[in-house]
*Asks:* 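Just dropping this structure here.
These figures come from a predicted structure and were not determined experimentally. All values below were derived from every heavy atom in this structure, side-chain atoms included, with hydrogens, water molecules and symmetry-related copies excluded.
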Amino acid sequence: MRVAVTGASGLIGGALVPHLRAQGHEVVRFGRRAAGSPDEVMWDPMGGTVDMASLGAVDAVVHLAGAPVGPESYRAIATGAQRWTDSYKAEIRDSRVRGTDTLARALAGMATPPSVLVSGSAIGFYGETGDVEVDETSPPGHGFLADVVLGWEAAADPAREAGIRVVHPRTGLVVSGRGGTWGKLWPIFRLGGGGRLGSGKQWWSFISIRDEVAALTYLLDHLEGPVNLTAPNPATNAEVARVMGRILGRPTILPVPAKALDLTLGGFSSEVLGSLRVIPRRLLDAGFDFQDPTIDRA
């Protein structure tokens, strides 16, 4: 299979590309700079252009590009270094909605479109869920991220209308030592500076990087529409802190108070302190085998 990937240099894309190649697939990577090798294709997601001549025929596309949501570390939370300004919120939204629209329109215009577009999404779709479990049949929530995801998924409509099977992997918090949230958390916890956020009772719906990659690969041949990419056993923030402390042999006695988060992060504090208890119902029903179903395994 010839697979094109956007966001190939990111945390997930950087793991997905070598995995696909190891399985014998040919991978083409999208980039914003002039192509430097035969497996690269230049595109301008904000400008609305794709070098279709270099892309050629592809069987599938995995779209992972988008500005980081952050914050990515407890230190950033404590200092407000990644506070959500209006301009950065616009960047988060535009990088997803406009980028997806650019790609979907380009694929829809091909003489022979790919059979599938796996177009990235997020569990932020569900908003605040508290202790209530949600799955792909649940309605959208409220708030900035929920609104972003609604626009993000809708932006793939041109591909759908062209007969391309479109899958939206609604990814949770990816557990990896190489980047993302956990890549930043490990050093903090090793120094004994980790702890719960706020009450610690909020649910974190996570997925290990290897389950994320395996699920994305699975979606190349299966399912359509929204699919939750989270482990089947969400954990509370306090449980996550305890597990990390136990694994690293470090104390987790320094919680970050909710009031401090409000002062430093403003509107983003509600996202950090929010609770998302997401179940990957469609993957479970399809018989997908999670290698890391619990936070301890992840």
*Asks:* Do the side chain of E91 and the main chain of R93 share a donor and acceptor less than 3.5 angstrom apart?
*Replies:* no
*Asks:* With a 4.5 Å heavy-atom cut-off, do T252 and R196 have their side chains touching?
*Replies:* no
*Asks:* Between A67 and S95, what is the shortest heavy-atom contact and its length?
*Replies:* N-OG, 2.9 Å
*Asks:* Who are the side-chain contact (heavy atoms from CB on, under 4.5 Å) partners of D221, not counting sequence neighbours?
*Replies:* M1
*Asks:* What closest approach, in Å, do P158 and A155 show between heavy atoms, and which atom pair accounts for it?
*Replies:* CD-O, 3.3 Å
*Asks:* Does D131 have any side-chain contact (heavy atoms from CB on, under 4.5 Å) partners at least two apart in sequence or in another chain, and if so, which?
*Replies:* W203, R277
*Asks:* Side chain of W152, backbone of G120: donor and acceptor closer than 3.5 Å?
*Replies:* yes
*Asks:* Is there a donor-acceptor pair under 3.5 Å between the side chain of D211 and the backbone N or O of D292?
*Replies:* yes
*Asks:* If the condition is side chain to side chain donor-acceptor pair (under 3.5 Å), which residues does R170 pass it with, not counting sequence neighbours?
*Replies:* Y126, E153
*Asks:* Would you indicate whether the side-chain heavy atoms of V149 and P140 approach each other to under 4.5 Å?
*Replies:* no
*Asks:* Are any non-hydrogen side-chain atoms of I207 and V175 less than 4.5 angstrom apart?
*Replies:* no
*Asks:* Do I92 and F144 have side chains that approach each other closer than 4.5 Å (heavy atoms only, starting at C-beta)?
*Replies:* yes
*Asks:* Checking the side chain of R2 only, and the main-chain atoms of D59 only, is there a donor and an acceptor separated by less than 3.5 Å?
*Replies:* no
*Asks:* Find the distance between NZ (K89) and CG (L145) and round it off to the nearest 0.5 Å.
*Replies:* 9.0 Å
*Asks:* First locate atom NE2 of H168, then atom CZ of F125, and finally report the distance between them rounded to the nearest 0.5 Å.
*Replies:* 10.0 Å
*Asks:* Which residues satisfy the salt bridge (charged side-chain N to carboxylate O under 4.0 Å, His left out) test with R105, sequence neighbours excluded?
*Replies:* D101
*Asks:* Assess, by modelled atom type and distance only, whether the side chains of T137 and D135 contain a donor and an acceptor separated by less than 3.5 Å.
*Replies:* yes
*Asks:* Residues two or more places apart in sequence or in another chain: which of them pass side-chain contact (heavy atoms from CB on, under 4.5 Å) with E224?
*Replies:* R165
*Asks:* Hey, does the side chain of S208 reach the backbone of A298 with a donor-acceptor pair shorter than 3.5 angstrom?
*Replies:* no
*Asks:* Does L283 reach the side chain of L229, with side-chain heavy atoms less than 4.5 Å apart?
*Replies:* yes
*Asks:* Heavy atoms only: give me the nearest P45-T102 pair and the separation to one decimal.
*Replies:* O-OG1, 2.8 Å
*Asks:* Testing N228, L216, V227 for side-chain contact (heavy atoms from CB on, under 4.5 Å) with P169, which one passes?
*Replies:* L216
*Asks:* Which other residues belong to the hydrophobic cluster containing M52, where Ile, Leu, Val, Met, Phe, Trp and Tyr are joined when side-chain heavy atoms lie under 4.5 Å apart, directly or via other members?
*Replies:* V28, F30, V41, W43, V50, L55, V58, V61, L103, L107, M110, L117, I164, V166
*Asks:* Kindly give the heavy-atom pair with the smallest separation between A156 and A104, and that separation in Å.
*Replies:* CA-CB, 3.9 Å
*Asks:* Among residues at least two apart in sequence or on other chains, which ones pass ring-ring contact (aromatic ring centres under 6.0 Å, His included) with F290?
*Replies:* F288
*Asks:* Could you tell me which residues satisfy side chain to side chain donor-acceptor pair (under 3.5 Å) with E40, sequence neighbours excluded, listed by chain and number?
*Replies:* R29
*Asks:* Report the distance from atom CD of E212 to atom OG of S176, rounding to the nearest 0.5 Å.
*Replies:* 10.5 Å
*Asks:* Between T230 and P280, which heavy-atom pair has the shortest distance, and what is it?
*Replies:* O-CG, 3.1 Å
*Asks:* Is it the case that the side chain of S205 and the backbone of L276 share a donor-acceptor pair, with hydrogens and angles ignored and the cut-off at 3.5 Å?
*Replies:* yes
*Asks:* What pair of heavy atoms forms the shortest contact from F206 to I295, and how long is it?
*Replies:* CZ-N, 3.1 Å
*Asks:* Residues in side chain to side chain donor-acceptor pair (under 3.5 Å) with D296, at least two apart?
*Replies:* R246
*Asks:* Does G48 offer a backbone N or O that forms a donor-acceptor pair with the side chain of R98 under 3.5 Å?
*Replies:* no
*Asks:* Just how far is it from atom CG of N233 to atom OG1 of T294, taken to the nearest 0.5 Å?
*Replies:* 6.5 Å
*Asks:* Not counting sequence neighbours, which residues clear side chain to side chain donor-acceptor pair (under 3.5 Å) with T6? List them please.
*Replies:* H63
*Asks:* Hydrophobic cluster mates of M42, side-chain heavy atoms under 4.5 angstrom, ILVMFWY only, any path?
*Replies:* none
*Asks:* Between E128 and S275, do the side chains contain an N or O donor and an N or O acceptor separated by less than 3.5 Å?
*Replies:* no
*Asks:* Hey, can you pull the donor-acceptor pairs under 3.5 Å for the side chains in residues 15-24, sequence neighbours left out?
*Replies:*
residue: H19; atom: NE2; partner: T217; partner atom: OG1; Å: 3.4
residue: R21; atom: NH2; partner: V27; partner atom: O; Å: 3.4
residue: R21; atom: NH2; partner: D39; partner atom: OD2; Å: 2.6

*Asks:* Which value, rounded to the nearest 0.5 Å, describes the distance between S119 atom OG and D157 atom CG?
*Replies:* 10.5 Å
*Asks:* Side-chain contact test, heavy atoms from C-beta onward, threshold under 4.5 Å: evaluate it for V118 versus L220 and give yes or no.
*Replies:* yes
